[in-house]
Novice: 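Dumping the structure here so I can ask a few things about it.
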2 protein chains.
Amino acid sequence: MSTLVANISQFITLSSKEKEVIEKAFYPKSLRKGEIWIKEGNICEDVAFIVSGKLRSYYINESGEEVTCFFMQPENFISSFTSFLTNTPTHENIAALEETELKIISKKDLERISELIPQLQIFRRIIAENLFIIMEKRISMLQSQTAYERYENMLKENQDIIMSVPLQYTASFLGISPQHLSRIRKEILK
Amino acid sequence: MSTLVANISQFITLSSKEKEVIEKAFYPKSLRKGEIWIKEGNICEDVAFIVSGKLRSYYINESGEEVTCFFMQPENFISSFTSFLTNTPTHENIAALEETELKIISKKDLERISELIPQLQIFRRIIAENLFIIMEKRISMLQSQTAYERYENMLKENQDIIMSVPLQYTASFLGISPQHLSRIRKEILK
DNA sequence: ATGAGTCCTGAACAAATGTTAAGAAATGCT
DNA sequence: AGCATTTCTTAACATTTGTTCAGGACTCAT
């Protein structure tokens with residue numbers, strides 16, 4: 001059983017026939033380090049499951065700087081969800097931070113197999129709910145913690161990301177300047 | 001047709017029998033101004049539809065101050081979702097900002113009618129997805145805009161809330177001190 | 001109407017964070 | 001290995017935001 005189907009089977013019960021339908025609806029795609037999967041300005045028509053690798057979503061602000069929205073890890077589903085769900089052009093880019101393997105499904109195929117396998121609606125709901133929980137936590141941190149506290153917390157929860165991406169990505173993810181993050185790091189070393 | 005059922009019918013097609021099942025699964029509750037519906041420390045077992053009125057969710061931080069998480073308007077579903085979904089005690093309170101009418105359903109009943117009416121899974125997915133979209137926008141604002149810009153934006157999008165709640169609620173919602181919001185207001189008047 | 005409490009404003013100062021600019025360190029390419 | 005490029009650190013200064021405290025405005029119950 002592929003990691004994709006195994007992942008979905010954590011949440012809903014599937015027959016082997018259904019597993020096969022799901023498996024066939026996704027197609028694989030490899031990304032080299034730095035390669036862009038989703039490009040701003042397009043309407044995002046796909047969702048992907050990360051088999052291996054890491055990705056980052058970011059947009060370019062008015063000053064021309066990259067603002068990192070999210071880091072994405074294996075065993076998760078990714079997309080430019082707002083664009084995907086509202087059929088509007090996305091303002092974000094999604095790029096591979098390292099050699100990455102995706103399994104992709106189009107919106108059309110997702111709707112098609114969701115009709116064949118109604119439990120997939122449950123699965124899709126759970127995915128959305130879990131994203132919600134992650135976002136709520138992030139809002140709370142941005143809203144009420146200092147940059148120092150946010151970084152400390154990220155060190156605890158996502159040290160692997162911090163260690164593997166440029167400092168500037170982490171800084172903009174935390175909503176601060178690279179210089180300030182550098183300052184915070186020095187502070188923590190004491 | 002109740003506003004509750006009408007709202008759900010925007011997203012999925014329901015027979016009149018199904019509408020009746022849904023209608024019966026919810027029970028009404030009135031809140032006086034200031035009355036608390038969800039109290040921190042409890043596991044939230046319910047979801048409510050706001051028929052009329054406004055609510056606010058907030059928590060008490062380490063310094064004993066209230067931090068406003070969200071404002072909630074009629075025609076929306078509310079809950080302490082993270083608690084509801086993960087069966088963990090909530091740290092938030094949800095209180096009525098004014099005279100409020102809710103229609104409440106328990107988790108157990110929600111699961112029960114979702115089995116009777118499978119399209120409800122689709123509806124629940126859409127609700128979660130729409131919450132996600134709202135949260136993503138809020139994260140982007142907190143992450144990359146100044147307090148002044150966040151307030152300007154809220155003036156555009158939620159002037160009604162700003163006008164009807166104490167300044168301190170708006171301030172903590174925006175992640176700033178009441179004094180600073182007062183300063184921003186003065187600045188904008190010029 | 002009166003007074004207690006709450007909420008808002010204002011100002012002075014403190015702390016957090018951004019900006020600029022320069023050099024040091026790391027990385028990638030050939 | 002060596003050069004070019006990108007990334008990181010540092011420091012000085014600017015700006016934003018928080019904190020404290022005082023007073024004024026507003027609410028609400030009596």
Side-chain angles (χ1 to χ4, degrees), chain A residues 32-36 54 56 58 60-68 71 95-99 140-155 159 161-190, chain B residues 32-36 54 56 58 60-68 71 95-99 140-155 159 161-190:
Chain A
R32 284 182 304 272
K33 178 170 180 173
E35 195 174 346
I36 293 180
K54 284 202 191 80
R56 174 179 75 113
Y58 64 93
I60 313 291
N61 69 10
E62 326 74 46
S63 319
E65 298 152 344
E66 290 183 359
V67 178
T68 297
F71 296 107
L97 289 167
E98 55 190 53
E99 191 79 17
S140 166
M141 291 179 60
L142 286 166
Q143 184 185 4
S144 62
Q145 295 193 299
T146 64
Y148 187 97
E149 293 166 332
R150 298 201 295 278
Y151 181 68
E152 261 186 329
N153 189 77
M154 191 172 170
L155 257 185
Q159 191 166 17
I161 291 172
I162 291 179
M163 303 304 261
S164 65
V165 306
L167 168 145
Q168 45 179 328
Y169 293 178
T170 303
S172 80
F173 178 75
L174 292 173
I176 60 179
S177 66
Q179 294 88 333
H180 189 47
L181 179 51
S182 191
R183 190 154 42 191
I184 288 171
R185 272 195 182 169
K186 191 167 64 169
E187 183 66 22
I188 283 188
L189 285 183
K190 291 178 192 164
Chain B
R32 284 182 305 273
K33 179 172 178 172
E35 195 175 343
I36 293 180
K54 284 201 192 82
R56 174 179 76 113
Y58 64 94
I60 313 291
N61 68 10
E62 326 75 45
S63 319
E65 297 152 345
E66 289 182 0
V67 178
T68 297
F71 296 107
L97 289 166
E98 55 190 53
E99 191 79 17
S140 167
M141 291 178 60
L142 286 167
Q143 184 184 4
S144 61
Q145 294 192 300
T146 65
Y148 187 96
E149 291 167 332
R150 297 201 295 277
Y151 181 68
E152 260 187 329
N153 189 76
M154 190 171 170
L155 257 186
Q159 191 166 17
I161 291 173
I162 291 178
M163 303 306 260
S164 65
V165 306
L167 168 144
Q168 45 179 329
Y169 294 178
T170 303
S172 80
F173 178 74
L174 293 172
I176 60 179
S177 67
Q179 294 88 335
H180 189 48
L181 179 51
S182 189
R183 190 154 41 189
I184 289 171
R185 271 194 183 169
K186 190 167 63 168
E187 184 67 20
I188 283 188
L189 285 183
K190 290 178 193 166

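Within every chain, numbering begins at 1; the chains are lettered A, B, ... in the order of the sequence lines, protein sequences first and strands thereafter.
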Novice: I need the minimum non-hydrogen distance between L97(B) and K33(B), along with the two atoms involved.
Specialist: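 Minimum heavy-atom separation between L97(B) and K33(B): O-CG, 3.5 Å.
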
Novice: List for me each residue that meets salt bridge (Lys or Arg N to Asp or Glu O under 4.0 Å) alongside E62(A), sequence neighbours excluded, and say none if there are none.
Specialist: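 Once residues adjacent in sequence are excluded, E62(A) has no partner under the salt bridge (Lys or Arg N to Asp or Glu O under 4.0 Å) criterion.
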
Novice: Measure the distance from CD on E187(A) to P on dT17(C) and round it to the nearest whole Å.
Specialist: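 Result: 11 Å.
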
Novice: Return the value, rounded to whole Å, for the distance between atom CD of E149(A) and atom C1' of dA16(C).
Specialist: 12 Å

Novice: Identify all pairs in which a protein N or O lies below 3.5 Å from an N or O of nucleotides 28-30 of chain C, and state each distance.
Specialist:
none

Novice: Hey, what do you get for CG (N153(A)) to CE (M141(A)), rounding to the nearest 0.5 Å?
Specialist: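 Atom-to-atom, N153(A):CG and M141(A):CE are 4.0 Å apart.
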
Novice: Could you state the atom-to-atom distance from CZ of R185(A) to C1' of dT10(D) in whole Å?
Specialist: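 The answer, rounded to whole Å, is 15 Å.
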
Novice: Between dG18(C) atom P and Q145(B) atom CD, what is the distance in whole Å?
Specialist: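 The answer, rounded to whole Å, is 14 Å.
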
Novice: Please figure out whether T146(A) or S182(B) has its closest DNA chain C nucleotide nearer the 5' end.
Specialist: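 Checking each residue's closest nucleotide, the 5'-ward one belongs to S182(B).
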
Novice: Take atom CZ of R150(A) and atom P of dA16(C), then tell me their distance rounded to the nearest Å.
Specialist: 13 Å

Novice: Is there side-chain contact between I162(B) and Y151(B), with heavy atoms separated by less than 4.5 Å?
Specialist: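 Yes, close enough: below the 4.5 Å cut-off.
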
Novice: What pairs with E98(A) under salt bridge (Lys or Arg N to Asp or Glu O under 4.0 Å), at least two apart in sequence or on another chain?
Specialist: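 K54(A).
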
Novice: Among residues two or more places apart or on two chains, list those pairs meeting salt bridge (Lys or Arg N to Asp or Glu O under 4.0 Å) that have a residue in residues 141-154 of chain B.
Specialist: none

Novice: Just how far is it from atom CD1 of I184(B) to atom OG1 of T146(B), taken to the nearest 0.5 Å?
Specialist: 7.0 Å

Novice: Could you list, one pair per line, each protein nitrogen or oxygen that sits under 3.5 Å from a nitrogen or oxygen of nucleotides 12-14 of chain D, together with the distance?
Specialist:
none

Novice: Can you list the residues that meet the side chain to side chain contact (heavy atoms under 4.5 Å, CB included) rule with I36(A), with sequence neighbours excluded?
Specialist: K39(A), Y58(A), A95(A)

Novice: Rounded to whole Å, please give me the gap between CD1 in I184(B) and C1' in dC8(C).
Specialist: 15 Å

Novice: For a quick test of your reading: what N or O donor-acceptor pairs under 3.5 Å do the side chains of residues 172-181 of chain A make, sequence neighbours left out?
Specialist:
residue: S172(A); atom: OG; partner: T68(A); partner atom: N; Å: 2.8
residue: S172(A); atom: OG; partner: T68(A); partner atom: OG1; Å: 3.2
residue: S177(A); atom: OG; partner: H180(A); partner atom: N; Å: 3.2
residue: H180(A); atom: ND1; partner: R183(A); partner atom: NE; Å: 3.2
residue: H180(A); atom: ND1; partner: R183(A); partner atom: NH2; Å: 3.1

Novice: Estimate the overall bend of the helix from dA1(C)-dT30(D) to dT30(C)-dA1(D) from the end axes over five pairs each, rounded to 10 degrees.
Specialist: 60°

Novice: Please enumerate all protein N or O atoms sitting under 3.5 Å from an N or O of nucleotides 22-26 of chain C, with distances to 0.1 Å.
Specialist:
none

Novice: Could you grab the distance from atom CD1 of I161(A) to atom CD of Q159(A), nearest 0.5 Å is fine?
Specialist: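 Rounded to the nearest 0.5 Å, the CD1-CD separation comes out at 11.0 Å.
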
Novice: State which residues pass side chain to side chain contact (heavy atoms under 4.5 Å, CB included) with N61(B); sequence neighbours excluded, sorted by chain then number.
Specialist: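 For N61(B), the residues satisfying side chain to side chain contact (heavy atoms under 4.5 Å, CB included) (neighbours in sequence not counted) are Y59(B), S63(B), E65(B), V67(B).
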
Novice: How far does CG of L189(B) sit from CD of E187(B), to the nearest 0.5 angstrom?
Specialist: 9.5 Å

Novice: Please list, chain by chain and in numerical order, all residues satisfying side chain to side chain contact (heavy atoms under 4.5 Å, CB included) with E35(A), sequence neighbours excluded.
Specialist: L31(A), R32(A)

Novice: Among residues 162-181 of chain A, which contact DNA chain D at a heavy-atom distance under 4.0 Å?
Specialist: P166(A), L167(A), Q168(A), Q179(A)

Novice: With a 4.5 Å cut-off on side-chain heavy atoms, are V165(B) and R56(B) touching?
Specialist: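 No, their side chains stay 4.5 Å or more apart.
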
Novice: Compare all side-chain heavy atoms of E66(A) with those of I60(A) and state whether any distance is below 4.5 angstrom.
Specialist: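 In contact.
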
